[in-house]
Amino acid sequence: MISWTDPSSSMPADLVRISGLGVDYGDRRAVDGVHLRIPPGEVFGLLGPNGAGKTTMFRVMATLLPPTRGEVELCGENIQSKPREVRSTIAYMPDLAPMPSDLRAVEYLRFYAESYGLRGKERDARVTECLESVGLRERSKDICTKLSLGMRQRLALAKAILHRPRLLILDEPASGLDPMARADLKNALRRQADAGATVILSSHIMAEIQDLCTSIGLLQRGRLLDAGPIRKVLAKFGQAETRVIVRSPGRRDEVAAWLREVPGVSAEFRIADEESIELRLDEAKLSRAALFTALGEARLGVTGMHAVETSVEEVVVRLGSQSSLS
Ligand SMILES: Nc1ncnc2c1ncn2[C@@H]1O[C@H](COP(=O)(O)OP(=O)(O)OP(=O)(O)O)[C@@H](O)[C@H]1O
């Protein structure tokens, strides 16, 4: 089976091929033996607690930081032997890209468009296209630093896509944005993905990741624990949970106290209605059959049951608490 983290495997025309990547800052190992393949067309979320090594990996991919060990190939080119070629096919957006205080949005983009060799009508058409694509056409005359934070992030995205990169690398693009601004940025990113770009991003806003990404990688203390389609990774690292609604007319407190003592039943209870209790069952500790037997013996009826998928947030919080414990 093809694996995203198996150094010996290779998917057809992987856009990102990282083999044995290691980065040391002095004697601190920030990235440690990462193997990763990303096929084209993915929106890939690199997740991990603070200090896991996400920014370091992104800076290596953006050719800003040489790796200590290993190889990185983006769009078929090696970042160390062909940095110029790599830069022409990728875009890197650090969190909170600096903006000039003396240029209008359109002037800022024209300046960078010229650095890509675009001139005259061709330049203006591309700038308009990029402003349109991030929903900023109406604000093109605004001074960059007078734009809201969310608009500045979208302007930074417009700048990043000027040269039609095949791969977009975005470090915390939604950092500090309110929900409306995040939704606008998300739409702009989705448009890029729909147009065929591959996107790699990190975010601490997990709902964003779950909503936007097709695949994720989990980084912990510089090591990539797993990577691949989002459901597959969550199924491996998540803990499936079953919620069961138990009817307990007139005995809610008594039943709740009794359930708290049952191993595998979470101590967190949510009252579903006046006469019922919703409980969380950890099936790794107690099977459904054993729970139903216990409920039957206590003459309690079950009125509902549903499975709850683990969220990306739960997995990252767990990785974070494991990192801080060791
Ligand atoms: N310039 C540097 N010099 C020394 N150590 C560094 C440097 N940059 C990062 N580190 C360390 O390398 C490790 C990885 O940092 P990095 O910024 O890549 O993590 P991150 O996952 O992006 O974290 P965050 O989510 O907080 O942005 C951390 O232990 C960090 O302290």
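Numbering of ligands and ligand atoms starts at 1, following listing order.
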Going by the salt bridge (charged side-chain N to carboxylate O under 4.0 Å, His left out) test, which pairs reach into residues 60-75, not counting sequence neighbours?
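Listed by first then second residue: Arg17-Glu73, Asp24-Arg69.
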Charged N to carboxylate O under 4.0 angstrom, Asp32 versus Arg221?
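Looking at Arg221 together with Asp32, the answer is no, because their closest N to O distance does not fall below 4.0 Å.
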Thinking salt bridges, do Asp171 and Lys54 make one under a 4.0 Å N-O criterion?
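Salt bridge between Asp171 and Lys54, a charged N being under 4.0 Å from a carboxylate O: no.
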Determine which pairs satisfy ring-ring contact (aromatic ring centres under 6.0 Å, His included) with at least one residue from residues 32-66, sequence neighbours left out, and list them in order.
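Residue pairs passing ring-ring contact (aromatic ring centres under 6.0 Å, His included), neighbours aside: none found.
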Under a 4.0 Å heavy-atom cut-off, which residues neighbour ligand 1?
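Within the 4.0 Å shell of ligand 1, which is judged on heavy atoms, sit Tyr25, Arg28, Ala30, Pro49, Asn50, Gly51, Ala52, Gly53, Lys54, Thr55, Thr56, His204.
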Provide the full list of side chain to side chain donor-acceptor pair (under 3.5 Å) pairs with a residue in residues 81-107, sequence neighbours left out, each pair given once.
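Sorted result for residues 81-107: Thr63-Arg87.
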Just wondering, more than 12 heavy atoms not from Arg191 lying within 6.0 Å of its CZ?
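Check passes, neighbour count above 12.
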